[in-house]
Structure formats: structure tokens, C-alpha cells
Amino acid sequence: MPELPEVETVVRDLRPLLVGRELRAIRRSKQALRVKWQKGWEKAIAGKRVAGIQRRGKWIRVDLDDGSLLIVHLGMTGQLTVVAASEVVPSHTHLVFELDQPQELRFRDVRRFGSMTFYPRAEEWEVVLSGKLGPEPWDMPQEQWHQALKGTKRNLKAALLDQRLIAGVGNIYADESCFVAGLDPRRSGSSLRPKERDRLLDAILMVLTRAIECRGSTIRDYIGGSGLQGGYQGEFVAYGRTGEPCVKCGSPIQCIRLAGRSTHFCARCQK
DNA sequence: AAGTCTCCCTGAGTGC
DNA sequence: TGCACTCAGGGAGACT
């Protein structure tokens, strides 16, 4: 399940493989992704070179050399890779861009929660994005963070999953961050004291930084841009550890549902 | 208007 | 062995 660290890893992997390369013919599966592929996009993309690739939240932005954009979201099971054209095309591969060497940029997505969209002008995308994405965790102004939590009655889990509040945190890293901060994910945002709000942001930054160092977490389907798996799943202290002893106090990790998501925490350590 | 719920999708896992 | 069922979850949009 790609969240910020996984998407960052994909982008870092792809950058040396993709920047400067020409996108040639495009092949598509018949199955629709979450955003329908428009006729005309193929013609607009073919022959363009990749000028850059970057991550924003869980979104991947591929800049083409004429100022247009390819915007990718990996959803739950999306994989974006550059591989030799001779490699077997796995099932559920929905988009294939032939590159100017015998390689291909491939988008595979088993559950099809992901999307790939084309924007002729970058400004259009920036307008769309500005309405649904808060600051990157490392760029979060302290005052904005405090105000955002103070101003919501939602529980911490729901607040952390809200991309407008902070960009890039998903179910795994929300649980891990609450554990590291020692905060109960059921607490309402407005109930946090200033020091607790600071502790939570510190925990988020620490967890995400470490997860990126590990190339993200591979649960089932996630792979990086060059096909390698992540390693942070070996360092989970909360997520997926239902019934296992808390690494701090030994009492069993609980699993409840919050904000419609499975939520893992230690009822003794997280207050 | 903020907050909550439902839906989309497939494969793995479980129980009978 | 086979079938029915549940679960995983990001984001859009509907609903309260």
C-alpha cells in the first residue's frame, strides 16, 4: 500500500531511469483505471521527453519537455517501473510506454484503485492539487499544524489520514506515528496539548524518514521503480502486530476500526 | 460545514 | 476440492 515513503522510493528509483528519455508508442489494456484514459492523450504524449519526476504527497508528477504532465497515483496496488522491453509483461499491466531504448515504462495495478492522467498544462494540475493536498510533512509550518489539530474534533487517526491536513500519511504510517508519539489514535485532535501536537509531528517526521531509508514497506504488492521491495515492514511497532507484545511494555497490540480503517495501537503506552 | 459512510476492485485467506 | 464469504484501503462523492 504505497504511502509517502513508498512513492518517494518509486520516484527516486525512476529518476535516473526516466529523465531525458523519450516516450514513444503507448500500449493500453482494455480495463479502465479509476480515471478513464482519454483519446488524444496518446498523441499528445508520444515523442515527448521526460524533463523531470517528483513526488507530492502520494502523487507522482512526471514533467514532459513541452510543459505537459503525466500524473500518477498508485492507489493500493499500483506499480510504476522501468524494465527491459524483453521482460514478460505481468498480468494487470494497464499502460506501457515504449522508451527510446529497448526499455519500457510500465504501470501495473491489480486492484485498479490507481490512476494515470495527462495534463496539457502544469497549472491545471496545480489548481486541482491545491484543493486537496496540505503541506509536505517536512514543510509543515508549526502554526498551521497546531491550528489544524486544535480545530478538528475528529480523532487523530482520521486527521492524519486527511490529505488536506498533511500530505502523504496513510494507514500504516498513521499507526506507527501515533505509537512513536505515545498518543491514543482515538483522541480528538482538539484534545491534544501543545507539547503533544509537537510530539506527533516529530514522530511523523521520524517514522517517514526512517521508512524512506528502508525503501518503504512491502506488505503484498508494493515494489519500487526498479522492482525492488521495501524493508520497513520489519520495523513495524504497531501496524499489523495485532495480539503481539508491545515493544515497550509487552501488553498485546490492539486492533480496532477508526475512520473506516484497521488501527493498531498499545492501549497501555498510548494515552 | 464538518464529519461520516459507501463504493470501487481483486486476490489471499478462512470456514464449512 | 469447491464454494461463499471476508478483508485489505485511497480517494471521490453522497449523505447526515
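Computation of the quantities below employed the complete heavy-atom set of this structure, encompassing side-chain atoms and omitting hydrogens, waters and symmetry-equivalent molecules. Here is the naming used below: chain letters follow the sequence lines, and residue numbers restart at 1 for every chain.
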If you assign each of A:G260 and A:K132 to its closest nucleotide in DNA chain C, which residue comes earlier from the 5' end? A:G260
I want to verify a distance call: between B:dT10, C:dG11, B:dG3, whose nearest atom is closest to the A:R154 side chain? B:dG3
Using 4.0 Å as the upper bound for N to carboxylate O, is an ion pair formed by A:D175 and A:K157? yes
Starting at NZ of A:K36 and ending at P of C:dA12, how long is that distance when rounded to a whole Å? 18 Å
Distance check needed: B:dT4 P versus A:L161 CG, whole Å only. 12 Å
Short side-chain N/O contact to C:dG11 OP1/OP2 from A:R34, under 4.0 Å: no
Distance in angstrom units between A:D109 CG and C:dA8 P, rounded: 19 Å
Presence of salt bridge, A:E136 and A:R56, under 4.0 angstrom: yes
Starting at the 5' end of DNA chain B, which residue's closest nucleotide do you reach first, A:S91 or A:N155? A:N155
Strictly distance-based, threshold 3.5 Å: is any side-chain N or O of A:T152 a donor or acceptor partner for the main-chain N or O of A:R154? yes
Presence of A:Q31 side-chain N/O under 4.0 Å of B:dT10 phosphate oxygens OP1/OP2: yes
For B:dC9, does either OP1 or OP2 sit under 4.0 Å from a side-chain N or O belonging to A:H92? no
With the side chain of A:V110 defined as its heavy atoms from C-beta on, choose the nearest nucleotide among C:dG10, C:dG11, B:dG11. B:dG11
Does OP1 or OP2 of C:dG11 have a side-chain N or O of A:H73 closer than 4.0 Å? yes
Would you mind reading off the distance between A:L33 atom CG and B:dC7 atom P, rounded to a whole angstrom? 22 Å
Between A:R257 and C:dA8, is there a contact of a side-chain N or O with OP1 or OP2 at under 4.0 Å? yes
For the pair made of CD in A:E6 and P in C:dG10, what is the distance, rounded to whole Å? 10 Å
Within the 4.0 Å heavy-atom criterion, would you say A:T77 contacts the bases, only the backbone, or no part of the nucleic acid? nothing
For the CG atom of A:L17 and the OG atom of A:S226, what is their distance to the nearest 0.5 Å? 6.5 Å
Any side-chain N or O of A:K58 below 4.0 angstrom from OP1/OP2 of C:dG11? yes
Inspect the contact between A:R28 and A:E42 and indicate whether a charged nitrogen and a carboxylate oxygen are less than 4.0 angstrom apart. yes
Applying a 4.0 Å non-hydrogen cut-off, can you work out what A:R112 is touching in the nucleic acid: base, sugar-phosphate, or nothing? sugar-phosphate
Rounded to whole Å, how long is the line connecting atom CG of A:L74 with atom P of B:dC9? 19 Å
Note: A:R210-A:E235 ion pair, threshold 4.0 Å (strictly below): yes
What's the CE-P distance between A:M76 and C:dG11, to the nearest Å? 11 Å
Please give, in whole Å, the distance from B:dC7 P to A:R111 CZ? 18 Å
When all nucleic acid strands are considered with a 4.0 Å heavy-atom cut-off, which category describes A:R164: base, sugar-phosphate, or nothing? nothing
